[in-house]
Amino acid sequence: LTVAATFVMAIPAGGAALPIAAYTFSGLGMGIASPALFAAVLADGAKGREGQSTSSIPLARQVGSGMGAAIAGIVFAAALTSAQVHDAERAGAHVPAVVDAARLTYLGAAVVGLLGLAACLWLRGDARTARAEHAMVEPEAVT
C-alpha cells in the first residue's frame, strides 16, 4: 500500500485530492506493516535477546528517515531550474512552479520503495533456503 500510494503521489493529475488520498493509503500501509514487522523480528530473534532485536526497528527507521529525507531533498533540488525557484520565491506559499519537481521526488521514492520490497522478498527467500538447509543437517549423536 505504501509503495503504491507513493507512485500515485507522482501522478500529475487529480489536483490536491489525489495526493491527499494517497497519503491516507500510505499511512494505512505503514500502520499495517508496523506490527507485522515487530512480530517477524521477534520470531526470528534469539531467545533472551528480544530487546536487542526489537530495538533494531526504530534504529533502522531513524537511519532510513534521515537518508530518505536527504536523498529526496537532493532529487527535488536537482529537478528544479533556477526559473522555477525564482517563481516559487515570488509566489510565496502557493508554489505551482515546483509541483513537477515534487512529483519526480515521489516517483524516486516509489522506485526506492520497490527496491526495498524486492530486497525483502529476496531476504525472505534466502531465509527460507537457510532454514531448509539447516533442517536437512542431522544433529550429531550425543554420547
Side-chain angles (χ1 to χ4, degrees), residues 1-140:
L1 280 173
T2 303
V3 172
T6 306
F7 269 116
V8 170
M9 290 177 212
I11 296 173
L18 190 60
I20 290 170
Y23 280 123
T24 302
F25 280 102
S26 180
L28 179 64
M30 288 181 227
I32 291 170
S34 190
L37 180 61
F38 276 98
V41 168
L42 284 172
D44 285 344
K47 299 287 184 210
R49 295 187 159 276
E50 291 84 4
Q52 184 180 14
S53 297
T54 57
S55 67
S56 66
I57 295 171
L59 173 66
R61 282 183 179 161
Q62 290 296 319
V63 171
S65 295
M67 294 292 293
I71 293 169
I74 291 168
V75 170
F76 184 71
L80 289 174
T81 65
S82 59
Q84 289 171 319
V85 172
H86 181 67
D87 289 345
E89 288 173 343
R90 284 188 294 130
H94 184 65
V95 288
V98 298
V99 169
D100 290 335
R103 293 195 187 281
L104 183 61
T105 303
Y106 284 124
L107 182 61
V111 169
V112 170
L114 278 179
L115 292 173
L117 182 60
C120 288
L121 293 173
W122 177 76
L123 288 171
R124 182 178 178 193
D126 195 40
R128 285 182 181 169
T129 303
R131 283 190 200 122
E133 289 173 357
H134 181 70
M136 289 191 312
V137 176
E138 294 183 27
E140 296 178 11

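- Take Thr24 and apply the side chain to side chain donor-acceptor pair (under 3.5 Å) test, not counting sequence neighbours, and it matches no residue.
- Taking each heavy atom of Val3 and Ala110 in turn, the nearest pair found is CG1-O, 3.8 Å.
- Listed here is the closest heavy atom pair of Ala5 and Ser26: CB-N, 3.6 Å.
- Thr6 and Ala109 make their closest contact through CG2-CB, 4.0 Å (heavy atoms, listed as atom of the first residue, atom of the second, distance).
- Atoms CE and CG, on Met9 and Leu107 in that order, are 12.5 Å from each other to the nearest 0.5 Å.
- In terms of the side chain to side chain contact (heavy atoms under 4.5 Å, CB included) criterion, residue partners of Ile57 (sequence neighbours excluded) are, by chain and number, Leu37, Phe38, Val41, Arg61.
- Looking only at distances, no side-chain donor or acceptor of Ser34 sits under 3.5 Å from a matching main-chain atom of Gly31.
- The side chain to side chain donor-acceptor pair (under 3.5 Å) check on Arg103 picks up nothing, with sequence neighbours excluded.
- By the side chain to side chain contact (heavy atoms under 4.5 Å, CB included) test, Met67 is found to be paired with Val63, residues two or more places apart in sequence or in another chain being considered.
- Atom-to-atom distance recorded for Thr2:OG1 and Met30:CE is 5.0 Å, nearest 0.5 angstrom.
- Partners of Gln62 under the side chain to side chain donor-acceptor pair (under 3.5 Å) rule, at least two apart in sequence or in another chain, do not exist in this structure.
- For Phe25, the CZ atom counts as loosely surrounded, since its 6.0 Å shell holds 12 or fewer non-hydrogen atoms of other residues, nucleotides or ligands.
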Donor-acceptor list for residues 113-120 side chains, cut-off 3.5 Å, not counting sequence neighbours:
none

